[in-house]
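Worksheet: the structure to be examined is printed underneath.
Indexing begins at 1, ligand by ligand and atom by atom, following the structure's order. For clarity, every value in this text was computed on a predicted model and none was experimentally measured.
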Amino acid sequence: MTTLERASHLARQAVAALDAALAALPPDLAGGAEATTMAEHFARAAQLAEAGAALYARRAAATEAYRAVGHPDAGTWLARVSGTPLGRAREVLSTAQALSDLPDVERAYRSGKLSGPMAKVIVAAGHCDPTSAPELVEAARDGSFSQVAAEARRVITRSRSEEDQRAREARARARRFCRVSSPEGGGVRIDVFLTSAQGARALALLEREAAAVFDEVRSAGREHEPHERYRADALVRLLCGSARATASDGSDLGRSGPGTHVVVRVEAAALRRGCTEGDETCEISGVGPVSVATARALLGDALFNVVIADGVDVRCVTGTRRTIPTALRVALFERDRTCVVPGCSVSHHLEIDHWRTGYALHGPTNLANLARLCGPHHSMKTNTGWRLDGGPGRWRWTRAGPGSSAFRPERDGPRSRPPPARRRE
Ligand SMILES: [Zn+2]
């Protein structure tokens with residue numbers, strides 16, 4: 001038996017085994033634990049299967065074997081056999097082809113440790129800076145897709161010079177548009193492309209208004225909808241001039257905090273020098289990298305809070321309102337861009353938790369004692385004995401059972417905390 005014949009035999013056996021495992025799925029699976037384990041087995045099998053299909057398809061593409069089965073190019077052939085859209089099939093193929101230059105990434109992909117989309121973002125970063133590939137593969141082990149994609153974007157940005165960045169901004173400026181069309185199915189479609197600075201300004205207002213829409217839906221007890229629909233309602237309100245300026249809890253933090261203001265993060269050294277070097281960043285939160293020249297120009301802008309950082313430390317927050325709570329909030333929003341629970345990448349409707357010492361236990365309201373959590377994780381921590389430990393950059397999420405001495409139901413939760421302490425983005 002040749003190696004290829006043996007591989008083919010094993011693949012057929014594996015497909016038959018998965019088929020049998022799925023056929024044996026009991027209609028009334030009692031324990032949730034078994035269901036999560038089974039879903040994990042199948043998710044891993046799916047990653048392996050996708051890698052197998054991509055790597056063999058790469059070989060078939062190189063030898064033009066698809067012609068023998070009547071297809072003009074490898075993409076249409078793969079789309080046909082895998083039942084995926086053409087664009088997706090081409091993406092899978094081009095990722096598999098690009099992998100041959102990055103052995104670490106190919107090894108991880110081959111062993112089912114990377115999903116296709118994860119491999120794609122790592123390959124893009126690896127081509128700008130091959131030394132980043134092993135670290136990104138490592139980050140993909142525990143990190144969520146959005147965390148790895150953000151890190152890959154930073155690698156790509158770092159490989160660009162200040163001149164490249166300015167040239168990109170000029171190209172974006174030349175491309176800007178707002179297209180309006182009426183789809184056949186009804187409704188109005190608006191597609192907008194803006195420069196990073198324009199987009200950041202518009203998004204800040206849009207997100208504040210969307211949060212106000214969400215507040216109203218919640219207090220009216222209506223069923224929740226996806227965030228993009230609240231954004232659509234918010235856009236109409238803003239354009240039609242019926243925007244609510246105040247948050248539903250009546251505080252003005254929604255207006256002056258980072259929910260309204262755009263946060264630009266720039267390293268102190270880069271700001272002085274006029275360009276970034278090495279690991280330094282210069283980016284608008286939620287929008288992406290900008291040139292240091294743009295960051296400098298935004299320093300005096302009322303809408304922008306420029307966070308001047310030194311590594312992970314926030315050195316200075318500039319803005320028109322320099323009160324300590326606003327600076328603290330900006331720094332916290334900047335540090336915890338997503339829920340801090342490892343692997344969770346929720347970035348909307350986050351809640352502020354006094355994670356180390358609870359608010360009701362007179363825990364201090366300072367950067368070290370605050371963390372942003374999504375609603376479900378906040379509720380698990382408050383009510384079901386899950387614990388947050390470690391601190392920024394090394395968060396741990398562990399469960400202490402009710403029998404354990406580590407289980408201390410907190411009084412820092414939604415039930416006992418006064419409303420102003422439980423703020424959302
Ligand atoms: Zn979360």
**Request:** Take Arg158 and Asp129 through the side-chain contact (heavy atoms from CB on, under 4.5 Å) test and state the conclusion after the steps.
**Result:** CA-CA 9 Å; Arg158 279 204 295 271; Asp129 175 10; 5.6 Å; no
**Donor-acceptor under 3.5 Å (Arg58 side chain, Ala96 main chain)** = yes
**Message:** Are more than 12 heavy atoms, taken from residues, nucleotides or ligands other than Glu135, located less than 6.0 Å from that residue's CD atom?
**Reply:** no
**Message:** Once side-chain contact (heavy atoms from CB on, under 4.5 Å) is applied, do any residues pair with Ala293, and if so which ones, sequence neighbours excluded?
**Reply:** Glu162, Arg166, Ser291
Using distance only, find each side-chain donor-acceptor pair of residues 107-125 under 3.5 Å and give its atom names and separation, not counting sequence neighbours.
| from | atom 1 | to | atom 2 | distance (Å) |
| --- | --- | --- | --- | --- |
| Arg107 | NH1 | Asp104 | OD1 | 3.4 |
| Arg110 | NH2 | Glu106 | OE2 | 3.3 |
| Ser111 | OG | Arg107 | O | 3.1 |
| Ser111 | OG | Ala108 | O | 3.1 |
| Ser115 | OG | Met118 | N | 3.2 |

**Asked** Excluding sequence neighbours, so at least two apart, what forms ring pair (Phe, Tyr, Trp, His ring centres under 6.0 Å) with Trp397?
**Response** His377, Trp386
**Item:** Listed protein N/O/S atoms, distance to the Zn ion (ligand 1) under 2.8 Å
**Value:** Cys339 SG, Cys344 SG, Cys374 SG, His377 ND1
